[in-house]
Peer 1: 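Here it is, the structure in full.
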Amino acid sequence: MPLAVTPVEAPRAGGESPVRGMVDVWSASLEPPAPLGTHLWGCLSPDERERAERFVFPRDRQRFAAGRAFLRLLLAQYLGAEPRSLRFSYGPNGKPALTDNRTDLRFNLAHSGPRAVCALARGAELGVDLERVRPIDDAEAVARSSFSPGEVERLESLPEAARLRAFYEAWTRKEAFLKALGHGLARPLDSFDVSLGPGEDPRLLRTAGDPDEADRFSPVSYT
């Protein structure tokens with residue numbers, strides 16, 4: 001019984017890798033119908049099952065298991081492999097990668113609440129982030145402590161009604177950039193600038209210490 005996933009952009013037939021230079025993005029619910037639970041659990045490795053069992057609340061356990069199963073089933077579809085046979089290595093800050101050096105398939109997974117997304121590409125590192133837009137009482141205070149001065153100025157210049165979405169635009173773009181690098185939050189959020197606000201295409205504008213780094217990334221946004 002396969003896990004149903006939704007193509008967000010450029011999906012390919014099962015077993016076919018993305019075209020080099022393009023990114024495939026897939027989305028899935030982390031709260032699938034109950035009959036799928038046993039099937040999804042069977043896709044996990046022993047260490048993933050152990051990690052799932054550590055969650056106190058059943059909903060969190062279910063979402064973790066569904067997210068890992070989603071990743072395994074999706075990668076297995078591209079690689080023509082059994083989901084449980086896939087092995088992962090992890091970078092210094094926890095970014096996963098396939099240990100099979102016969103493939104140049106790269107991926108990145110993100111989740112927020114009951115929804116997950118996975119981006120895949122050939123031969124290029126990538127990052128993806130997902131956030132559910134919800135009110136935050138201190139969003140502007142968080143921005144002032146985490147964003148660059150230019151981003152804070154841009155955010156505060158917007159009409160109040162547009163600021164919450166702009167905050168999330170900046171946050172997800174920053175997270176996706178850091179995940180592509182594999183740095184996590186080891187690299188300060190205020191050390192680079194991203195676009196934000198109505199009518200602004202997603203872009204990496206500037207990074208501290210490397211004037212050419214922004215040109216090496218091609219941000220894409222899905223809503």
Side-chain angles (χ1 to χ4, degrees), residues 1-18 23-122 124-132 172 175-176 178-186 222:
M1 181 185 298
L3 174 65
V5 297
T6 303
V8 179
E9 181 70 9
R12 321 227 169 264
E16 183 181 351
S17 294
V23 177
D24 286 6
V25 183
W26 294 82
S27 172
S29 171
L30 297 183
E31 296 180 349
L36 269 178
T38 301
H39 171 68
L40 298 182
W41 191 260
C43 294
L44 305 184
S45 65
D47 67 296
E48 288 170 333
R49 295 183 188 183
E50 182 179 343
R51 288 170 62 188
E53 292 288 2
R54 295 175 192 162
F55 287 95
V56 175
F57 299 107
R59 185 182 69 175
D60 296 333
R61 188 181 312 123
Q62 176 191 28
R63 288 179 175 177
F64 173 83
R68 295 300 296 190
F70 165 48
L71 176 62
R72 286 182 171 274
L73 287 163
L74 189 58
L75 291 172
Q77 175 178 297
Y78 279 85
L79 298 172
E82 288 295 323
R84 286 190 63 185
S85 72
L86 300 177
R87 297 292 180 266
F88 301 99
S89 61
Y90 296 86
N93 293 294
K95 184 177 183 180
L98 288 163
T99 58
D100 187 348
N101 58 16
R102 294 171 297 175
T103 177
D104 60 355
L105 187 65
R106 305 288 190 269
F107 65 91
N108 199 234
L109 181 72
H111 57 85
S112 180
R115 178 63 49 181
V117 293
C118 185
L120 305 98
R122 288 183 58 205
E125 294 298 338
L126 72 169
V128 65
D129 192 49
L130 174 71
E131 297 288 346
R132 180 170 61 90
T172 53
E175 286 277 4
L178 293 178
K179 291 176 71 177
L181 296 174
H183 287 177
L185 293 178
Y222 302 100

Peer 1: Side-chain contact, heavy-atom cut-off 4.5 Å: Trp26 with Val117?
Peer 2: no
Peer 1: When you look at OH of Tyr90, are more than 12 heavy atoms from neighbouring residues, nucleotides or ligands closer to it than 6.0 Å?
Peer 2: yes
Peer 1: Is there side-chain contact between Val23 and Val128, with at least one heavy-atom pair below 4.5 Å?
Peer 2: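 Counting from C-beta outward, Val23 and Val128 never come under 4.5 Å.
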Peer 1: For the side-chain contact (heavy atoms from CB on, under 4.5 Å) test, which of Leu71, Leu130, Val25 pairs with Cys118?
Peer 2: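 The passing option is Leu71.
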Peer 1: Could you go through the side-chain contact (heavy atoms from CB on, under 4.5 Å) check for Leu74 and Phe107 one step at a time?
Peer 2: CA-CA 10 Å; Leu74 189 58; Phe107 65 91; over 6 Å; no
Peer 1: Checking side-chain contact (heavy atoms from CB on, under 4.5 Å) for the pair Leu75/Leu120: CA distance, chi angles, key distance, verdict?
Peer 2: CA-CA 9 Å; Leu75 291 172; Leu120 305 98; 3.7 Å; yes
Peer 1: Between Arg54 and Glu50, does any side-chain N to carboxylate O distance fall below 4.0 Å?
Peer 2: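 A salt bridge is present here (some side-chain N lies under 4.0 Å from a carboxylate O).
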Peer 1: Around atom CD of Glu82, are there more than 12 heavy atoms from other residues, nucleotides or ligands closer than 6.0 Å?
Peer 2: no
Peer 1: Could you state the interatomic distance from CZ (Phe55) to CD (Gln62), rounded to the nearest 0.5 Å?
Peer 2: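 Going from the CZ atom of Phe55 to the CD atom of Gln62 covers 12.0 Å.
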Peer 1: What's the spacing between Leu181 CG and Leu126 CG if we round to 0.5 Å?
Peer 2: 11.5 Å
Peer 1: Taking all non-hydrogen atoms of both residues into account, name the closest pair between Leu40 and Pro32 and its distance.
Peer 2: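 Minimum heavy-atom separation between Leu40 and Pro32: CD1-CG, 3.5 Å.
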Peer 1: Of all heavy-atom pairs between Glu31 and Pro114, which one has the smallest distance, and what is that distance?
Peer 2: CD-CB, 3.7 Å
Peer 1: Is the count of non-hydrogen atoms from other residues, nucleotides or ligands lying under 6.0 Å from Arg49 atom CZ greater than 12?
Peer 2: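 Buried by this count: over 12 neighbours within 6.0 Å.
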Peer 1: Counting N and O atoms only, with roles assigned by atom type, does the side chain of Arg115 sit under 3.5 Å from a partner on the main chain of Gly113, one being a donor and the other an acceptor?
Peer 2: no
Peer 1: Start with the C-alpha distance between Tyr78 and Asp24, add both sets of side-chain angles, then the distance that settles side-chain contact (heavy atoms from CB on, under 4.5 Å), and finish with yes or no.
Peer 2: CA-CA 11 Å; Tyr78 279 85; Asp24 286 6; 2.8 Å; yes
Peer 1: With a 3.5 Å distance limit and no angle check, can you tell me whether Arg106 reaches the backbone of Ala124 through a side-chain donor-acceptor pair?
Peer 2: no
Peer 1: With a 4.5 Å heavy-atom cut-off, do Leu86 and Asp100 have their side chains touching?
Peer 2: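 Heavy-atom side-chain distance check fails, nothing below 4.5 Å.
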Peer 1: Any heavy-atom pair between the side chains of Phe88 and Arg72 that's under 4.5 Å?
Peer 2: yes
Peer 1: Would you sort out whether Lys95 and Asn108 count as a side-chain contact (heavy atoms from CB on, under 4.5 Å), showing the intermediate values?
Peer 2: CA-CA 8 Å; Lys95 184 177 183 180; Asn108 199 234; 4.0 Å; yes
Peer 1: Can you measure from OG (Ser29) to CZ (Arg63) and round to the nearest 0.5 angstrom?
Peer 2: 8.5 Å
Peer 1: At what distance, to the nearest 0.5 angstrom, does CZ of Arg122 lie from CG of Asp104?
Peer 2: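 If I round to the nearest 0.5 Å, the distance is 5.0 Å.
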Peer 1: Are Cys43 and Arg68 close enough that some pair of their side-chain heavy atoms sits under 4.5 Å apart?
Peer 2: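 No; the side chains remain at least 4.5 Å from each other.
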